[in-house]
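Structure record follows, encoded as structure tokens.
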Amino acid sequence: MREKVPPYFSIQVARKVQRYLSSKIVMKDLLPPFIETVAGIDLAYSGNLAVAAAVLLDYQTLQVLEKKVAVTKVMFPYVPTLLSFRELKAAFLAYKHLSQTPDVILVDAHGYSHPFRLGFASHFGVVVKKPTIGVAKKLLCGEIGPWKNNWAPIVAEGEVIGAALRTRKGIKPIYISVGNMVTLNTAIKIVLHTTRRYRIPEPVRQAHMECTRIARLLRSL
DNA sequence: GCGACAG
DNA sequence: ATCTTGTCGC
């Protein structure tokens, strides 16, 4: 039994696209020396509509500077490992609505810590050619290595593909990974810098609240 | 073949 | 992700 996806969509082609785009990921810190803005991206659903939110925040104060949303029809069912094909379009549109391009983007999904090394955060980062970081709440693949302090490496096939990170003491960790144009160490620092009193860093949390609010609104019509 | 499986 | 209220605990 094949995976349930539209007849015009081939899993085999998707895998090739993922392997190709994964090779385009830049594992270097190509961020400005002083980060001024961060963006958070997340999606929510209302029936067959995908609601994406892109929220821009000041990197130092974490004050929300701008919120944008985009709504598209869902074209793909949810298939683990193929999430980006389902969420990319709406996320891209919401992101393009921002009046200024952020220095770094936090995406509510895995990045490099993906079976084919191209989670949504990486797919998005490669497409928009911007530094992105994957911020996930559950592990998708790999094993958790020894804890150093507040973080532990996520290892797969002898390679560190991400990190489990306790953003707050005594709380379940979140899973961070390189999206694009950033180093895992820098990604961890940025995530810690942008989290306040919740488990989830502010950019992603704000984006989550925004798209959820709009989806709930559309749902009540 | 079996189980796992981001959002 | 989404369907959903109260409730236990710091």
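Lettering follows sequence order; numbering is per chain, from 1.
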* **A:Y59 vs A:T194, side-chain contact (heavy atoms from CB on, under 4.5 Å): CA-CA, chis, key distance, verdict** => CA-CA 7 Å; A:Y59 190 68; A:T194 56; 3.7 Å; yes

* To do: Report the C-alpha separation of A:E87 and A:Y45 in whole Å, then their side-chain angles, then the decisive distance to 0.1 Å, and conclude whether the side chain to side chain donor-acceptor pair (under 3.5 Å) test is met.
  => CA-CA 10 Å; A:E87 314 202 316; A:Y45 296 86; 2.6 Å; yes

* **Full working for ring pair (Phe, Tyr, Trp, His ring centres under 6.0 Å) between A:F85 and A:H123** => CA-CA 9 Å; A:F85 294 93; A:H123 196 154; 5.3 Å; yes

* In sequence, state the C-alpha distance, the side-chain angles, and the governing distance for A:L31 and A:D103, and then conclude on side-chain contact (heavy atoms from CB on, under 4.5 Å). => CA-CA 7 Å; A:L31 304 91; A:D103 292 328; 5.8 Å; no

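Rounded to whole Å, atom C1' of C:dA1 lies 13 Å from atom CZ of A:F120. In this structure, the CD1 atom of A:I214 is 17 Å from the P atom of C:dA1, given to the nearest Å. Atom-to-atom, CG of A:L82 to C1' of B:dG7 comes out at 13 Å; the value is rounded to the nearest Å. Between the C1' atom of B:dC5 and the NE2 atom of A:H114 lies a distance of 10 Å, rounded to the nearest Å. A:L49 places its CG atom 21 Å from the P atom of B:dG7, with the value rounded to the nearest Å. If you take OH of A:Y198 and P of C:dC10, they are 19 Å apart, rounded to a whole angstrom. One atom, CG of A:L139, and another, P of B:dG3, lie 20 Å apart when rounded to the nearest Å. At whole-Å resolution of the value, OH in A:Y78 and C1' in B:dA4 are 11 Å apart.
Applying the 4.0 Å criterion to OP1 and OP2 of B:dC5, one finds that A:K138 has every side-chain N and O outside that range.
Taking every side-chain heavy atom of A:L140 into account, B:dA6 is the closest of C:dT2, B:dA6, B:dG7. Between C:dA1, C:dT2, B:dG7, one nucleotide has an atom nearer to the side chain of A:L83 than all others, and that is B:dG7.
Note on A:H208: only backbone sugar-phosphate atoms sit closer than 4.0 angstrom, heavy atoms only; bases stay farther off. Contacts of A:R86 with the nucleic acid, taken as non-hydrogen atoms under 4.0 Å apart, include base atoms. Among the protein residues, A:Y175 comes within range of no part of the nucleic acid, since none of its heavy atoms lies under 4.0 Å from any strand.
There is a side-chain donor-acceptor pair under 3.5 Å between A:R15 and A:Q18.
Within a 6.0 Å sphere centred on CD of A:E159, heavy atoms belonging to other residues, nucleotides or ligands number more than 12.
Between atom CZ of residue A:R117 and atom NE2 of residue A:H110 there is a gap of 11.5 Å, rounded to the nearest 0.5 Å.
For the strand DNA chain B, secondary-structure stems (runs of at least three Watson-Crick or G-U pairs, all distances below 3.5 Å) are absent.
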